[in-house]
Amino acid sequence: MSDMEFTVTEASFLADRSATDVQNAVDKKVVKSTVVKVGPRAQRLLGRAELRFLTMDREIGEALSGAGKRRLYEELSRLPEKATTARFGALVVDLRKSDAKLKRRLRLLETIKGSIKMRAGEPFIKGTDIPAYQVAALYPAASIEEILEDFPSLKRGQVEHAIDFARAYPKKGRPYPSTSLKRGISSLIKSGVFDDD
């Protein structure tokens, strides 16, 4: 984890925070990011200290002021990766619980990426011809059980991984519809659109 850098959406997935929360932490200068040029756009990247802070910040909540959060982040930036506590002033913060959560989320992200096969720039659920973004677009309007009804060849884990993949790597461009063709047609039939009057 030491030399890794993550995009804002990857960091939001890993820290289990919204991308807006992560952007706000950078914008308010609570944490720092590295800015790299990707084509015509600039992209923010966050490293180990930022992920550690964002993971634990949810637990700290409102206990620290903005200045206190910045001091904690600065301390985390100085600490070696194996440090289990952060100290500043009289405050001692145990890092073991948030570090364990972050390691679990990193392993989960690797598992998710391993469950996706890229073809012509489009992510498909491995072993299928089903686009991951198509499945993810149905959630949360449809429950996982309803998505499984629409895609009976998929397993629950495949659906969950597609949803998480789309969270960590959002689709660019036009989104997929949030209703499956099967449910859309069923809804039209129930509404009586095809009834002869």
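All figures in this text were calculated on a predicted structure; none of them were measured in a lab.
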Mind checking whether [X] and [Y] sit in one hydrophobic cluster, side chains of I, L, V, M, F, W, Y counted as touching below 4.5 Å?
X    : Y    : result
F165 : Y176 : yes
Y139 : Y133 : no
I112 : M118 : yes
I116 : F124 : no
V38  : L45  : yes

Heavy-atom side-chain contact between [X] and [Y] under 4.5 Å:
X    : Y    : result
I125 : V159 : no
T128 : F151 : no
R48  : M4   : no
V26  : L46  : yes
R44  : T7   : no

Could you tell me the separation between the [atom1] atom of [X] and the [atom2] atom of [Y], rounded to the nearest 0.5 Å?
X    : Y    : atom1 : atom2 : value
L102 : L14  : CG    : CG    : 6.5 Å
T111 : L106 : OG1   : CG    : 10.5 Å
L109 : D164 : CG    : CG    : 9.0 Å

Quiz item: Does a donor on one side chain and an acceptor on the other come within less than 3.5 Å for E10 and Y169?
Solution: yes
Would you confirm whether [X], through its side chain, and [Y], through its main-chain N or O, come within 3.5 Å as a donor-acceptor pair?
X    : Y    : value
R105 : F13  : yes
E50  : G47  : yes
K117 : P123 : no

Quiz item: Among pairs that include at least one residue of residues 149-161, which meet salt bridge (charged side-chain N to carboxylate O under 4.0 Å, His left out), considering only residues two or more places apart or in two chains?
Solution: E145-R156, E149-R183, D150-R183, R156-E160
Exercise. Please assess R71 against E74 for the test salt bridge (charged side-chain N to carboxylate O under 4.0 Å, His left out), listing each intermediate value before the final yes or no.
Key: CA-CA 5 Å; R71 284 188 61 200; E74 287 167 10; 6.0 Å; no
Self-check item: Carboxylate-amine/guanidinium contact E122 R119, below 4.0 Å
Solution: no
Quiz item: Between D99 and R104, is there a side-chain N and carboxylate O pair less than 4.0 Å apart?
Solution: no
Quiz item: Crowded around R96 CZ? As in, over 12 foreign heavy atoms under 6.0 Å?
Solution: no
Practice problem: Run the numbers on S153 and I130 for side-chain contact (heavy atoms from CB on, under 4.5 Å), then give the verdict. | Solution: CA-CA 10 Å; S153 64; I130 302 170; 3.8 Å; yes
Practice problem: Just do the side-chain contact (heavy atoms from CB on, under 4.5 Å) check on L72 and M56 with the steps written out, would you? | Solution: CA-CA 10 Å; L72 175 58; M56 75 169 33; 3.6 Å; yes
Quiz prompt | Test log, rule salt bridge (charged side-chain N to carboxylate O under 4.0 Å, His left out), inputs E110 and R107 | solution = CA-CA 5 Å; E110 287 305 312; R107 283 193 302 271; over 6 Å; no
Quiz item: Could you walk me through whether R167 and D16 pass the salt bridge (charged side-chain N to carboxylate O under 4.0 Å, His left out) check?
Solution: CA-CA 10 Å; R167 181 175 170 207; D16 200 16; 3.4 Å; yes
Quiz prompt | side-chain hydrogen bond (donor to acceptor under 3.5 Å, both in side chains): pairs with one or both residues in residues 29-42, sequence neighbours excluded | solution = E5-T34
Practice problem: Evaluate the ring planes of Y73 and F53, with Trp represented by its six-membered ring, and classify them as parallel (under 30°), tilted (30 to 60°) or perpendicular (over 60°). | Solution: perpendicular
